[in-house]
Amino acid sequence: MKKQADNFSKRARSQFSDFAKKVVTIVAKIPKGKTMTYGQVATKAGNPRAARAVGTLMSRNYNPKIPCHRVVRADGSVGNYNRGGAERKAEMLFEEGVR
DNA sequence: TAGCTGACGCAAA
DNA sequence: ATTTGCGCCAGCT
């Protein structure tokens, strides 16, 4: 119910959305061999509904500190990757011990 | 400024 | 169990 408006104000004061910063921090905190869903990242970022935005931020604004391959969908699927290299991402996770 | 797209999530059929 | 539709937020054109 319009609680997102609060975050909106904060976003306006910075050139880069505070959302993206949080996403970077959170994803960067993902331990090796583990995976986090976009929904979890979005939730920790401040908006549990912003799962899409998280993916958008990654695809459009790629960050070197963000092991995007460790971010998967809520269903457990690997989800997508840059340019559709989802299979590559899946293998990477598999070798880390993620199934 | 306004609109469209998109690395998602969840509910319903 | 699987597939389809709708809703959400943020970024880019």
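In what follows, every chain begins at residue 1, and chains take the letters A, B, ... in the order their sequences are listed.
Between A/S77 and A/V72, the shortest heavy-atom distance links the atoms O-CB, 3.2 Å.
With C/dA10, C/dC8, B/dA7 as the candidates, the nucleotide lying closest to the side chain of A/T56 is C/dA10. Listed candidates were B/dC8, C/dA10, B/dA7. Nearest to the side chain of A/A51 is B/dC8.
With respect to A/V71, the side chain to side chain contact (heavy atoms under 4.5 Å, CB included) criterion is satisfied by exactly one of A/I30, A/L93, A/T37: A/I30.
Ion pair A/R70/A/E96 flagged as a salt bridge, since at least one NZ, NE, NH1 or NH2 atom sits closer than 4.0 Å to an Asp/Glu carboxylate oxygen.
Remark: the backbone N or O of A/G46 is not paired with any side-chain donor or acceptor of A/K22 at under 3.5 angstrom.
Remark: C1' of B/dG6 and CG of A/N80 are 10 Å apart, rounded to the nearest angstrom. Between the CD1 atom of A/I66 and the P atom of C/dA10 there is a distance of 16 Å, rounded to whole Å. Atom-to-atom, CZ of A/F19 to P of C/dC12 comes out at 15 Å; the value is rounded to the nearest Å. Computed from coordinates, the A/R60 CZ to B/dA7 C1' distance equals 10 Å when rounded to whole Å. Regarding A/D75, its CG atom lies at a distance of 13 Å from the P atom of C/dA1, rounded to whole Å. If you take CG of A/L57 and C1' of B/dC8, they are 12 Å apart, rounded to a whole angstrom. In this entry the distance linking CZ of A/R49 with C1' of B/dA11 reads 13 Å, nearest Å. The OH-C1' distance, from A/Y62 to B/dG6, rounds to 18 Å in whole Å.
At least one side-chain nitrogen or oxygen of A/N47 sits closer than 4.0 Å to the OP1 or OP2 atom of C/dA10. The phosphate of B/dG9 has OP1 or OP2 within less than 4.0 Å of a side-chain N or O from A/R73.
A/R52 contributes a side-chain N or O that forms a donor-acceptor pair with the base of B/dC8 under 3.5 Å.
A/A50 comes within contact range of the sugar-phosphate backbone alone, with a heavy-atom separation under 4.0 Å but no base atom that close.
Side-chain contact between A/V27 and A/M36: absent, with no pair of heavy atoms (C-beta onward) separated by less than 4.5 Å.
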